[in-house]
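First the structure, in the form of structure tokens, and then the observations on it.
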Amino acid sequence: MLQDASAVFERGHIYAVMGESGAGKSTIFNLLLKLWHTSQGEILIDDLSIDDWNTDTLRKSICCVAQEDFILNMSIRDNIVLDDASISDEEVNQAAQLACMQDFAIDEQINNTIGESGCTISGGQRQRIALARMFLSKASVILMDEPTAALDRKKTLCIMENIRKECSDKLVIIISHSDDVASYCDETYFLKHGKLQKSEKE
Ligand SMILES: Nc1ncnc2c1ncn2[C@@H]1O[C@H](COP(=O)(O)OP(=O)(O)OP(=O)(O)O)[C@@H](O)[C@H]1O
Ligand SMILES: [Mg+2]
């Protein structure tokens, strides 16, 4: 439960939100997506109360990467582009590279089907497909819930480097337990006892 939690998130910055399991980190995303509503306090987006935002408009401007994102029984390529036929092969390959997918989605491999819920690939590979979708997204706000939890350190650092490069004009909020992820963020908030505490970089 969030209580007296206060934070300002600005476009052009990357924020880490850290805290113990059950602290309420995912709850913040659920509130920002209007999946849940606040019982007290308020959330302002561009000075307008979230209650006054049209839900569809709000959600269209937000790209979400869940810890276990949905994977469909179709090719890696189709899982990345989903229903957007306007995305070129070159753009898909670039997104796959930014998501460090070279080990399983290079060249023709990208057309391989990956089974029901992606059962023929690893959890970390599924996570990188969700990250490739994010790199193609035109949304101005990116919310990621432990997006690298299943990845090794080298890939985590590589992806964070790419997020810094590619998302510099967006608002990016990353929930993570990883100090490596936080080290790439402009600011880190710790959520404890319902409150958000900012830890500034030295
Ligand atoms: N749908 C729900 N209904 C009621 N309580 C919930 C619901 N989902 C989560 N909670 C409670 O809200 C609190 C915060 O949950 P939340 O999922 O935000 O934690 P979290 O910080 O994201 O944890 P984790 O690191 O384990 O993902 C928890 O105590 C949890 O039991
Ligand atoms: Mg959570």
Side-chain angles (χ1 to χ4, degrees), residues 1-10 13-45 49-51 53 55-56 58-72 79 99-100 117-118 121-135 137 139-153 155-157 159-160 163-164 167 170-201:
M1 161 104 61
L2 301 172
Q3 210 157 25
D4 298 329
S6 176
V8 176
F9 297 111
E10 289 180 274
H13 291 75
I14 305 179
Y15 299 88
V17 175
M18 304 182 86
E20 286 179 9
S21 178
K25 303 180 299 296
S26 300
T27 298
I28 296 173
F29 284 2
N30 290 335
L31 292 170
L32 292 175
L33 289 162
K34 285 183 89 164
L35 293 169
W36 295 355
H37 296 278
T38 50
S39 49
Q40 286 175 32
E42 62 177 354
I43 298 172
L44 298 176
I45 300 173
S49 166
I50 196 166
D51 297 334
W53 274 82
T55 305
D56 283 345
L58 183 73
R59 290 185 188 160
K60 275 192 188 124
S61 63
I62 298 177
C63 167
C64 262
V65 178
Q67 185 177 355
E68 285 186 36
D69 228 311
F70 66 94
I71 299 288
L72 303 168
N79 264 288
C100 299
S117 305
I121 58 172
S122 74
Q125 289 170 333
R126 287 194 289 274
Q127 226 166 23
R128 283 178 283 152
I129 289 176
L131 284 160
R133 284 178 196 148
M134 181 277 294
F135 281 115
S137 166
S140 54
V141 178
I142 312 280
L143 304 180
M144 295 190 262
D145 201 342
E146 303 190 37
T148 61
L151 300 182
D152 59 71
R153 183 162 193 252
K155 287 191 184 61
T156 298
L157 298 182
I159 286 167
M160 286 308 299
I163 290 171
R164 279 207 75 86
C167 304
K170 303 189 177 202
L171 163 60
V172 181
I173 308 176
I174 310 176
I175 291 172
S176 179
H177 294 288
S178 157
D179 289 334
D180 285 330
V181 169
S183 72
Y184 277 86
C185 296
D186 300 305
E187 282 173 5
T188 299
Y189 281 99
F190 285 93
L191 186 55
K192 199 173 179 185
H193 304 312
K195 295 184 176 57
L196 280 162
Q197 281 185 338
K198 188 151 71 173
S199 132
E200 302 277 359
K201 285 224 160 141

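Here the structure is a predicted model, which means the values were calculated and not measured. Read the numbers this way: they start at 1 and go in the same order the structure lists the ligands and their atoms.
Using a 4.0 Å threshold on non-hydrogen atoms, atom 31 (O) of ligand 1 does not count as touching the protein. For atom 5 (N) of ligand 1, the protein comes within 4.0 Å by no heavy atom at all. Atom 28 (C) of ligand 1 is flagged as protein-proximal [any protein heavy atom, distance under 4.0 Å].
In this structure, the protein non-hydrogen atom closest to atom 26 (O) of ligand 1 is S21 OG, 2.6 Å. Of the protein's non-hydrogen atoms, the one nearest atom 9 (C) of ligand 1 is W36 CH2, 4.0 Å. Protein heavy atom in closest approach to atom 23 (O) of ligand 1: G22 N, 2.8 Å. For atom 17 (O) of ligand 1, the closest non-hydrogen atom on the protein side is S26 CB, 3.7 Å. Residue, atom and distance of the protein heavy atom nearest to atom 18 (O) of ligand 1 are T27 OG1, 2.6 Å. Here the heavy atom of the protein found nearest to atom 25 (O) of ligand 1 is K25 NZ, 2.7 Å.
Taking each heavy atom of A23 and L191 in turn, the nearest pair found is O-CD2, 3.6 Å. Pairing each heavy atom of S137 with each of K170, the nearest pair is O-NZ, 2.9 Å. Taking every heavy atom of both residues into account, F29 and I173 meet most closely at CZ-O, 3.5 Å. Minimum heavy-atom separation, L32 to I62: O-CD1, 3.9 Å. Shortest non-hydrogen contact noted between P147 and V65 is CB-CG1, 4.1 Å. For L33 against C64, the heavy-atom pair with the smallest separation is CD1-SG, 3.4 Å.
Taken to the nearest 0.5 Å, the CG atom of D69 stands 10.5 Å off from the CD atom of Q67.
Around atom CD of E68, no more than 12 heavy atoms belonging to other residues, nucleotides or ligands sit under 6.0 Å away.
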### Task
Quick one: do E187 and E10 satisfy side chain to side chain contact (heavy atoms under 4.5 Å, CB included)? Show the steps, please.
CA-CA 11 Å; E187 282 173 5; E10 289 180 274; over 6 Å; no
### Query
Taking it one step at a time, do Y184 and L157 satisfy side chain to side chain contact (heavy atoms under 4.5 Å, CB included)?
CA-CA 8 Å; Y184 277 86; L157 298 182; 3.6 Å; yes
### Query
Taking it one step at a time, do F135 and I163 satisfy side chain to side chain contact (heavy atoms under 4.5 Å, CB included)?
CA-CA 8 Å; F135 281 115; I163 290 171; 3.7 Å; yes
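Note on residues 28-40: no pairs pass side chain to side chain donor-acceptor pair (under 3.5 Å), not counting sequence neighbours.
Taking a 4.0 Å cut-off on heavy atoms, E20 registers as neighbouring ligand 1.
Protein N/O/S atoms found under 2.8 Å from the Mg ion (ligand 2), listed by chain and residue number: S26 OG.
Per-residue contacts place A23 under 4.0 angstrom from the following atoms of ligand 1 (heavy atoms of the residue considered): 19 (O), 21 (O). Close approach to H177 involves these atoms of ligand 1, each under 4.0 Å from a residue heavy atom: 25 (O).
An N or O contact shorter than 3.5 Å links G24 to ligand 1 by distance.
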